[in-house]
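Written out below as structure tokens is the structure these notes cover.
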There are 2 protein chains.
Amino acid sequence: MEGLRKHFEKFIHLTDKEWDAFSCKLQRKQLAARTYLLEQGEVCTFVAFIEKGAFRFFYNRDGEERITAFFFAGDAVSNYRSFLTGLPSEHIIESLQESVFWIIQKKDLYELFNAYPNIDRLGRFIAENLYLTVARRLDSFLFDSPEKRYDDLLRRNSRLLQDVPQFMLASYLGIKPESLSRIRKRKTKKA
Amino acid sequence: MEGLRKHFEKFIHLTDKEWDAFSCKLQRKQLAARTYLLEQGEVCTFVAFIEKGAFRFFYNRDGEERITAFFFAGDAVSNYRSFLTGLPSEHIIESLQESVFWIIQKKDLYELFNAYPNIDRLGRFIAENLYLTVARRLDSFLFDSPEKRYDDLLRRNSRLLQDVPQFMLASYLGIKPESLSRIRKRKTKKA
DNA sequence: CGCACTTCTTAACTTAAGTCAATGTCTGAC
DNA sequence: GTCAGACATTGACTTAAGTTAAGAAGTGCG
């Protein structure tokens with residue numbers, strides 16, 4: 001749990017009082033590998049802070065899946081859209097490995113937001129960070145070919161490659177596993 | 001300026017005191033059509049609230065352009081990435097029409113954040129909203145064909161079609177003008 | 001050990017976007 | 001009115017991803 005506090009320090013320093021108020025609302029949870037944390041159609045009423053493990057955030061339409069994001073230790077995971085709007089989630093959150101995380105309920109979080117401006121601000125920082133991540137990802141779809149996106153992934157996010165099977169990477173890149181396989185083949189030929 | 005306050009009411013109610021503190025930091029500006037509000041390489045130190053007009057937020061690489069977003073009356077426009085990180089902007093913000101907007105400087109805004117928790121929270125709401133917009137857009141790139149994205153644009157965002165030339169729409173959809181032209185042709189054949 | 005299952009690769013074919021070039025179409029400036 | 005420039009369309013060709021199907025490689029389980 002102290003690890004979590006350290007992660008927050010990247011964004012903002014919470015006083016002991018603020019941290020106590022926050023942390024006593026957290027509930028520790030564990031999830032086996034390949035298990036749903038949030039189902040499709042469910043309203044997301046929580047934010048989870050990952051201590052250990054990995055999650056994928058994906059969308060299932062007519063049996064086809066697309067992975068919107070991966071989350072790892074130190075990340076906050078939630079369907080933020082459903083959380084904010086109160087609408088049923090279109091996405092599924094699934095653990096990829098056995099994971100440990102801390103859940104805070106929306107109701108509790110909003111009470112903290114009201115009681116502690118610093119925690120509200122932490123919420124802003126988290127939202128801003130989410131925005132930066134997804135905006136960068138959007139730009140990569142606007143400008144780059146799947147091959148370029150794969151290269152960038154290799155370079156920047158090697159954690160993904162260790163923990164995530166090929167076909168999920170393909171989904172994350174917005175292509176089919178067959179296409180990723182061909183991209184990889186083209187690459188070895190060049191090298 | 002009261003129009004701007006009304007827009008904020010969608011997110012949060014500011015007291016007169018809060019609004020006064022905020023609004024006296026705003027500077028009214030005007031810009032002719034097709035003029036840069038932010039250059040590539042410049043650090044973005046402001047947020048602009050649009051009263052009238054339209055902007056495009058785009059990226060220029062080796063002479064090729066991709067439009068990341070459009071902004072219209074009621075929207076907050078900024079290079080939020082550059083604003084938050086202090087890094088030079090990769091994107092350009094350009095007015096599409098003659099526009100009127102209110103600028104607030106980062107320094108002033110951060111002072112307001114510190115002095116008025118409600119304004120800090122408004123900042124959170126704006127960041128959250130930005131996130132929702134860009135996350136939805138990312139999903140459309142993950143799942144939908146350019147043709148589907150164009151259809152959705154027609155249905156949801158007719159304002160874009162009135163104010164924005166074809167070749168910019170293509171760029172926004174992540175395709176070339178020729179391809180958009182062909183998509184439109186396929187459409188008329190079907191109908 | 002061998003079977004079943006999942007993942008990854010390969011191949012043949014289809015589909016649609018990119019590229020390049022030419023031709024319309026429209027608009028504003030003079 | 002005409003000319004120049006920007007925008008949109010069209011056509012021929014290239015490129016790469018999607019589709020379908022088959023087989024190879026790896027993994028876990030009885």
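Each chain gets a letter, A, B and so on, in the order its sequence line appears, and its residues count up from 1. The basis for the numbers below is simple: all heavy atoms, side chains too, and nothing from hydrogens, waters or symmetry mates.
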Tracing side-chain contacts under 4.5 Å among Ile, Leu, Val, Met, Phe, Trp and Tyr outward from B:Phe57 reaches B:Leu31, B:Leu37, B:Leu38, B:Phe46, B:Ile50, B:Phe55, B:Phe71, B:Val77, B:Ile93, B:Phe101, B:Ile103

Please tell me if A:Arg186 has a side-chain N or O lying less than 4.0 Å from either OP1 or OP2 of C:dT10.
no

Extract all donor-acceptor atom pairs below 3.5 Å that involve side chains of residues 15-26 of chain B and protein atoms in other chains or at least two apart in sequence.
unit_1  : atom_1 : unit_2   : atom_2 : d
B:Thr15 : OG1    : B:Glu18  : N      : 3.1
B:Thr15 : OG1    : B:Glu18  : OE1    : 3.3
B:Asp16 : OD1    : B:Arg5   : NH1    : 3.3
B:Asp16 : OD1    : B:Arg5   : NH2    : 2.9
B:Glu18 : OE1    : B:Thr15  : N      : 2.8
B:Glu18 : OE1    : B:Asn118 : ND2    : 3.3
B:Glu18 : OE2    : B:Asn118 : ND2    : 3.2
B:Ser23 : OG     : B:Trp19  : O      : 2.9
B:Ser23 : OG     : B:Asp20  : O      : 3.3

Looking at A:Lys148 and A:Asp152, does any basic side-chain N land under 4.0 Å from a carboxylate oxygen?
yes

Taking the side chain as every heavy atom from C-beta outward, state whether A:His91 and B:Asp139 have any atom pair closer than 4.5 Å.
yes

Identify, with sequence neighbours excluded, every residue that meets side chain to side chain contact (heavy atoms under 4.5 Å, CB included) alongside B:Pro165.
B:Phe167, B:Met168

Hydrophobic clusters join Ile, Leu, Val, Met, Phe, Trp and Tyr when side-chain heavy atoms are under 4.5 Å apart, directly or via other members; which others share one with B:Phe143?
A:Tyr59

Of all of residues 170-182 of chain A, which get a heavy atom below 4.0 angstrom from DNA chain D, listed by number?
A:Gly174, A:Ile175, A:Lys176, A:Glu178, A:Ser179, A:Arg182

Applied to residues 121-130 of chain B, the side-chain hydrogen bond (donor to acceptor under 3.5 Å, both in side chains) test, sequence neighbours excluded, yields A:Tyr80-B:Glu128, A:Asn114-B:Arg121, A:Asp120-B:Arg121, A:Asp120-B:Arg124, B:Arg124-B:Glu128

Difference in axis direction between the ends of the helix from C:dC1-D:dG30 to C:dC30-D:dG1, five pairs, 10°
30°

Those residues at least two apart in sequence (or on a different chain) that pass side-chain hydrogen bond (donor to acceptor under 3.5 Å, both in side chains) with A:Asp108 are none

Salt bridge (Lys or Arg N to Asp or Glu O under 4.0 Å) contacts in which one or both residues fall within residues 169-180 of chain A, not counting sequence neighbours
A:Glu64-A:Lys176

Establish, with yes or no, whether the OP1 or OP2 oxygen of C:dA11 is under 4.0 angstrom from a side-chain nitrogen or oxygen of A:Lys185.
yes

If you walk 5' to 3' along DNA chain D, what is the first nucleotide with an atom under 4.0 Å of a heavy atom in chain A, and what is the last?
D:dA17 to D:dT20

Test side chain to side chain contact (heavy atoms under 4.5 Å, CB included) applied to A:Arg56 and A:Ile67, A:Val164, A:Ile92, the passing residue
A:Ile67

Go through the structure and list residues passing side-chain hydrogen bond (donor to acceptor under 3.5 Å, both in side chains) with B:Arg61, not counting sequence neighbours.
A:Asp144

Let me confirm one number: the NZ-OG distance from B:Lys29 to B:Ser99, rounded to the nearest 0.5 Å.
14.0 Å

Heavy-atom contacts, protein to nucleotides 24-30 of chain C, under 4.0 Å, summarised as B (base), S (sugar-phosphate only) or - (none) per nt, yield -------

Can the positive tip of A:Arg137 be found less than 6.0 Å from the middle of the six-membered ring of A:Tyr172, inside 45° of the ring normal?
yes

